Amino acid sequence: MALVKRVALAPRALRQLRRVRSVYLAGVLLSVLGLLSYDNSAAGERQAVIAGVFLLVFAALLTLTAVQLWRHGRTKHCSTAKRLTRIV
């Protein structure tokens, strides 16, 4: 892990990550609502499993997006970040 190179994200990629973050958050919330709406009967078991899988997938995607955005914020010392950021 000592040889991890931090590279700044391009402005377009950064905008896309910020936009898709809300989509992933909505997916997590809808999956939780779907999971909570099913009762414990045998008929709703398959739907509850599918809603649980969707919850895991959206939570993982949201976590990865948050980590990427967090890591981008920590690369202010990187020469690529200095080149890509707008000088005001």
Side-chain angles (χ1 to χ4, degrees):
M1 284 306 270
L3 299 175
V4 174
K5 184 176 181 180
R6 295 177 192 258
V7 178
L9 295 170
R12 181 179 179 186
L14 190 64
R15 281 192 309 270
Q16 288 174 345
L17 279 177
R18 287 183 179 149
R19 286 181 189 151
V20 80
R21 180 176 49 182
S22 63
V23 173
Y24 294 155
L25 183 62
V28 167
L29 292 176
L30 288 174
S31 298
V32 167
L33 287 175
L35 194 59
L36 293 176
S37 69
Y38 295 121
D39 56 356
N40 290 333
S41 67
E45 184 176 340
R46 179 179 287 170
Q47 289 86 1
V49 169
I50 292 171
V53 169
F54 279 142
L55 176 63
L56 288 175
V57 168
F58 280 118
L61 289 171
L62 182 63
T63 303
L64 287 174
T65 303
V67 167
Q68 285 287 2
L69 289 171
W70 176 73
R71 286 182 65 196
H72 176 74
R74 293 179 48 108
T75 57
K76 298 299 180 196
H77 64 279
C78 179
S79 64
T80 307
K82 290 176 184 174
R83 270 197 326 253
L84 290 177
T85 55
R86 188 182 321 167
I87 299 174
V88 178

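Quick caveat: nothing in here was measured; it's all calculated off a predicted structure.
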- Taking a hydrophobic cluster as the set of Ile, Leu, Val, Met, Phe, Trp and Tyr residues connected by side-chain heavy atoms closer than 4.5 Å, whether directly or through intermediates, do L36 and V28 fall within one such cluster? yes
- Name the one of L25, L17, V23 that satisfies side chain to side chain contact (heavy atoms under 4.5 Å, CB included) with T65? L17
- Message: My understanding is that only one of L35, L29, L30 makes a side chain to side chain contact (heavy atoms under 4.5 Å, CB included) with L55; could you say which?
- Response: L35
- Message: Working to the nearest 0.5 angstrom, can you tell me the gap between I50 CD1 and S31 OG?
- Response: 11.5 Å
- Could you tell me the separation between the OH atom of Y24 and the CG atom of L64, rounded to the nearest 0.5 Å? 8.5 Å
- Mind checking what makes side-chain contact (heavy atoms from CB on, under 4.5 Å) contact with L14, not counting sequence neighbours? L9, R18, L69, H72
- Sequence neighbours excluded, the answer for side-chain contact (heavy atoms from CB on, under 4.5 Å) partners of R12 is R15, Q16
- Is there a path from V20 to V67 through hydrophobic residues (I, L, V, M, F, W, Y) whose side chains come within less than 4.5 Å of each other? no
